[in-house]
Amino acid sequence: MTVKWHPEFDLLVEYAAGNLCTAQAMMVATHLQYCPHCKSAVNKLEILGGELMSKTPNSSSETVSPDVWQNTLAAIAKPAPKPQPKRSLMQRIAPNGLSALDWKGLGPVQTAHVDLGDERNGRLSLLKIRAGARVPVHSHHGNEWTLVLEGGFSDHMGKYNAGDFVCLDGNHKHSPVAAVNEDCICMAYVDEQLHFQGWLGPILNRVIKL
Amino acid sequence: MASAMIDMQQRKAKSRMDRSDDEWGILLEKIARDQDMRAFEKIFGHFGPQIKSFARTSSIGKLGDSFPDDLVQEVMTSVWRKAHQYDRSKAKASTWIFTIARNQRIDMLRRTAKLQNEVLTEEIWDEPEIDGPIVDVQRRAAERLIHSNLGALPPEQREVLGKVYMEEKSHQDVANELGIPLGTVKSRVRLALNKLKVLVEPAI
Ligand SMILES: [Zn+2]
């Protein structure tokens with residue numbers, strides 16, 4: 001199944017430029033694993049980064065002192081530190097599997113906070129929506145990004161499947177419904193606080209803030 | 001005469017295919033293969049000032065005078081150590097070094113912000129390359145196009161790109177700084193990226 005919903009280009013630009021916080025970048029990077037289209041755009045944006053770096057207004061007059069060269073020579077003469085093992089993004093998010101995460105909330109919607117150590121702009125969570133369940137109507141004060149990892153859901157805008165990236169800003173209100181045949185697992189990034197309305201609202205507001 | 005022309009064209013086409021026109025890429029290969037110190041010195045002389053400028057215009061420049069130099073040293077040390085990972089058939093040297101500089105700028109900023117990171121920068125920012133001959137050909141075409149068209153962008157589009165990449169600003173930050181609506185910033189970036197053929201609408 002091909003991905004139909006993509007992050008807006010400005011997010012890809014900020015990702016390629018290295019300006020997103022860890023939580024935001026994790027959302028975009030995970031989308032790229034599903035989406036060769038955005039992956040290729042990011043690759044071009046990195047080519048652009050190299051070109052821009054070579055043409056920064058003052059780079060032609062910039063000088064690097066000989067000390068820096070000497071220090072670099074000293075640094076490369078030392079043995080390289082052992083590289084930390086690279087892990088996949090999902091291993092970082094859920095090292096012991098999704099079910100081992102600290103899921104909060106009873107009922108059809110559960111959330112697990114994913115703390116990557118950098119929440120300067122917002123928070124990352126995983127959301128599990130039971131097959132066929134509806135998330136209470138909520139509106140957004142900041143931005144909410146959702147990336148479907150497994151299963152699917154729909155709202156008044158359309159249907160979303162694995163890899164789809166949905167961005168909602170403060171003007172939207174929505175009430176997503178999980179697909180009936182399987183549970184839906186999403187990664188969600190929220191800057192500022194999400195405000196849930198409806199009967200589950202108070203619970204979710206508390207859970208998301210935990 | 002005619003055959004010489006064809007010969008030249010063929011050589012030109014070939015150099016486009018294998019990036020033998022990327023002298024910096026060839027130097028990186030020499031570093032990887034022979035630990036060639038002279039190649040490293042040339043790379044340092046060319047990219048060192050660029051990295052310093054890149055650091056100085058970003059928030060690293062505000063941390064103190066020594067920080068841009070520290071970034072140059074860290075990035076160049078990584079270039080030396082990681083040269084064996086560089087693959088000239090996959091990327092221009094300038095792209096590869098940009099991604100290292102970008103990642104180490106992120107790391108340096110996180111360190112100074114005393115953030116406890118649970119995830120490595122290169123796990124999030126260095127995704128495995130996409131493979132395949134078609135993608136390779138497209139990537140080379142993109143390199144040529146971006147290289148030759150960047151200088152022709154209107155100054156206001158170029159300015160916005162510079163602020164996002166070099167000064168590490170979000171589109172919203174740029175809008176606030178220039179006193180123009182966010183939509184205007186986004187449309188300048190979009191126009192620039194269209195001209196550079198970076199944006200292609202996804203097939204639906
Ligand atoms: Zn995409």
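Residue numbers begin at 1 in each chain, while the letters A, B, ... track the order of the sequences. Side-chain atoms are counted along with the backbone in the values below, which use heavy atoms only and exclude waters and symmetry mates.
- Between A:Lys86 and B:Glu122, no side-chain nitrogen of the basic residue sits less than 4.0 Å from a carboxylate oxygen of the acidic one, so the salt-bridge criterion is not met.
- Taking the side chain as every heavy atom from C-beta outward, A:Glu46 and B:Arg102 approach each other to under 4.5 Å.
- Ion pairing of A:Glu62 with B:Arg56 is present here, as a side-chain N (NZ or NE/NH1/NH2) and a carboxylate O approach within less than 4.0 Å.
- Annotation for B:Ile124 and A:Tyr15: closest pair O-OH, 2.6 Å, computed over non-hydrogen atoms.
- Side-chain N or O atoms of B:Glu123 include one that pairs as donor or acceptor with a backbone N or O of A:Arg87 at under 3.5 Å.
- Within 6.0 Å of CG on B:Asp65 lie no more than 12 heavy atoms contributed by other residues, nucleotides or ligands.
- Using a 4.5 Å heavy-atom cut-off against chain A, the contacting residues of residues 178-187 of chain B are B:Lys186.
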For A:Lys55 and B:Met166, what are the C-alpha separation, side-chain angles and deciding distance, and is it a side chain to side chain contact (heavy atoms under 4.5 Å, CB included)? CA-CA 10 Å; A:Lys55 296 193 181 82; B:Met166 297 299 128; over 6 Å; no

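- Listed in order of number, the residues of residues 146-155 of chain B that approach chain A to under 4.5 Å between heavy atoms are B:Ile146, B:His147, B:Leu150.
- Contacts between A:Pro95 and chain B at a heavy-atom distance below 4.5 Å are absent for every atom of the residue.
- Contact of the A:Asn19 side chain with the B:Tyr165 side chain is not registered, since no non-hydrogen atoms from C-beta on lie closer than 4.5 Å.
- Within a 6.0 Å sphere centred on CZ of B:Arg33, heavy atoms belonging to other residues, nucleotides or ligands number more than 12.
- Along residues 64-74 of chain A, the residues that come nearer than 4.5 angstrom to chain B, judged on non-hydrogen atoms, are A:Val64, A:Val68, A:Trp69, A:Asn71, A:Thr72, A:Leu73 in order of number.
- Residues B:Val189 and A:Asp10 are not in side-chain contact: their nearest non-hydrogen atoms beyond the backbone lie 4.5 Å or more apart.
- From B:Phe40, atom CZ reaches atom CD1 of A:Ile76 across 4.5 Å, with rounding to the nearest 0.5 Å.
- Residues of residues 105-112 of chain B that come closer than 4.5 Å to chain A, counting heavy atoms only, are B:Arg105, B:Ile106, B:Arg110, ordered by residue number.
- Ion pairing between B:Lys92 and A:Glu51 holds under the 4.0 Å rule for side-chain N and carboxylate O.
- Per-residue counts of heavy-atom pairs under 4.5 Å with chain B were compared for A:Ile93, A:Leu45, A:Val42; the largest is that of A:Leu45.
- Under the 4.5 Å side-chain criterion, counting only non-hydrogen atoms from C-beta, B:Leu199 is not in contact with A:Lys44.
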